[in-house]
Amino acid sequence: MSNEKLLEVKNLKQHFNSGKKGVIKAVDGISFDIYRGETFGLVGESGCGKSTTGRTIIRLYDATSGEVKFNGIDVHGKKSTKNLKQFNRQMQMIFQDPYASLNPRMTVKEIISEGIVIHGLIKNEKGRTLRVQELLETVGLNKEHASRYPHEFSGGQRQRIGIARALAVDPEFIIADEPISALDVSIQAQVVNLMKELQKKHQLTYLFIAHDLSMVKYISDRIAVMYYGKIVELADSEELYENPLHPYTQSLLSAIPLPDPDFERNRKRMVYDPKKHDTQYTEFREVSPDHWVLCTVEEYKNYKQAIQEKKGFLKK
Ligand SMILES: Nc1ncnc2c1ncn2[C@@H]1O[C@H](COP(=O)(O)OP(=O)(O)OP(=O)(O)O)[C@@H](O)[C@H]1O
Ligand SMILES: [Mg+2]
C-alpha cells in the first residue's frame, strides 16, 4: 500500500426518489480515500447502501451530490471524453451475482473480450483469442472454456469469468461488490485467494464490499463500516477488530462465530440501537490516529479515553 491517493470520495450522496416511500437516502454524505495498492473493505448490513456507493463511484448512477476523484481527476464533473474513456477502462466492477451478471447469450470469449474491443486494445481476432485464453488461465480456468456459455459453469467458475472480464482491460482499480457471498463456503476462500494473487501480480487496488466482517478482515488493509447511508467507523483492519468503538461496529463483530466452544457458549449477540445516541449532532471524528468514528462530542471524549486506557493498559 502506498500513500498515493488513487480514489478520493468527498461528501458523496445518492438519493433515490421512489414515489410512495419518498426520498431514499441510500448514500448520505460519505467521505473516504483509497490508496494505490490497498484493499479497502466496505461492510454493513443489507440495504445500508454499499452497492449504491460502488455503482455511483463507477458512474452507473449520477451522484446526487459530492465529489469523486480518480487519479486526481474529478470523474463526476465535466470532463473531456478522453478522460472518461480512460476512466471507464481503469475502473472495473465485479458483481455480487455471478448468475445475473454474465449475458447468457454470449460465449465466454465474447464476454471477456467485449471490453478489449470497446477500448480497441487488441485489433486482430487472433490476438484477442490468445489474450482471452491467457486470461482464462490466469483465473484458473481452461482455454477450452472460451467457446462455452455461462450456464455451463458453476457459481465459482462464473465469478472467475467475471474476474477475467474485469482484468481484460488492464484496470488499476476494481470494485468487487460482494464477489463471494453467492458462492459456496468451500469456494469462497479460493476466489478470495485468487483476488489476492491478482492484486500482487497486477498492482491492483480494490474496493471490497461485503456484509459480514469475517472475510473482509482477511483481505482488507482498512475497513469502513456503513449504516443507513453513512460511514460510522473507519480504521485499519486490525485496529477495527481490536478496538471497535461505534456500537454498530461492535454489534457486527459480536455476530462473527469463532471456532472456540468456550467463546461460543458465552458469546453475546449485541443488537445496535441507534436511538441510544443523538445522531443529529454526530460528526466524523478522528479518535486515535487514522481511526475515525461518527460520534457526538461527548462520545468522542469517551471513546478517546476508553482507547487510551486500553492502549495504556496493554503497554504495562
Ligand atoms: N435504483 C434504485 N432506486 C431506488 N432505490 C434504490 C435503488 N438502488 C438501491 N435502492 C435503495 O437504496 C438502499 C441501499 O441499497 P443498496 O443496494 O445500495 O444496499 P446494499 O448495502 O448493497 O445491500 P445488500 O447487502 O443487500 O446488497 C436500499 O433501501 C435500496 O432499496
Ligand atoms: Mg449490495
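Numbering of ligands and ligand atoms starts at 1, following listing order. As the structure is a prediction and not an experimental result, all values here were calculated from the model.
A donor-acceptor pair is defined here as one N or O able to donate and one able to accept, closer than 3.5 Å; no such pair exists between the side chain of Arg128 and the backbone of Val117. In terms of modelled atom types and a separation under 3.5 Å, the side chain of Gln159 and the main chain of Ile180 share no donor-acceptor contact. The backbone N or O of Ala182 lies less than 3.5 Å from no partner atom in the side chain of Gln188, so there is not a single donor-acceptor pair.
Under 2.8 Å from the Mg ion (ligand 2), one finds the following protein N/O/S atoms: Ser51 OG.
Side-chain atoms of Asp97 and Tyr99, non-hydrogen and from C-beta on, do get closer than 4.5 Å to each other.
Aromatic rings from Tyr227 and His246 are positioned such that their centres are separated by 6.0 Å or more.
The side-chain hydrogen bond (donor to acceptor under 3.5 Å, both in side chains) test applied to His211 returns Glu178, not counting sequence neighbours.
Using modelled atom types and a 3.5 Å distance limit, the side chains of His291 and Asp236 yield no donor-acceptor pair. Glu299 and Tyr281 share no side-chain donor-acceptor pair at under 3.5 Å.
Among residue pairs with one or both ends in residues 156-172, those qualifying as salt bridge (charged side-chain N to carboxylate O under 4.0 Å, His left out) are Arg36-Glu172; sequence neighbours excluded.
Near ligand 1, heavy-atom contacts under 4.0 Å come from Phe16, Ile24, Ala26, Glu45, Ser46, Gly47, Cys48, Gly49, Lys50, Ser51, Thr52, Tyr61, Gln96, Glu178.
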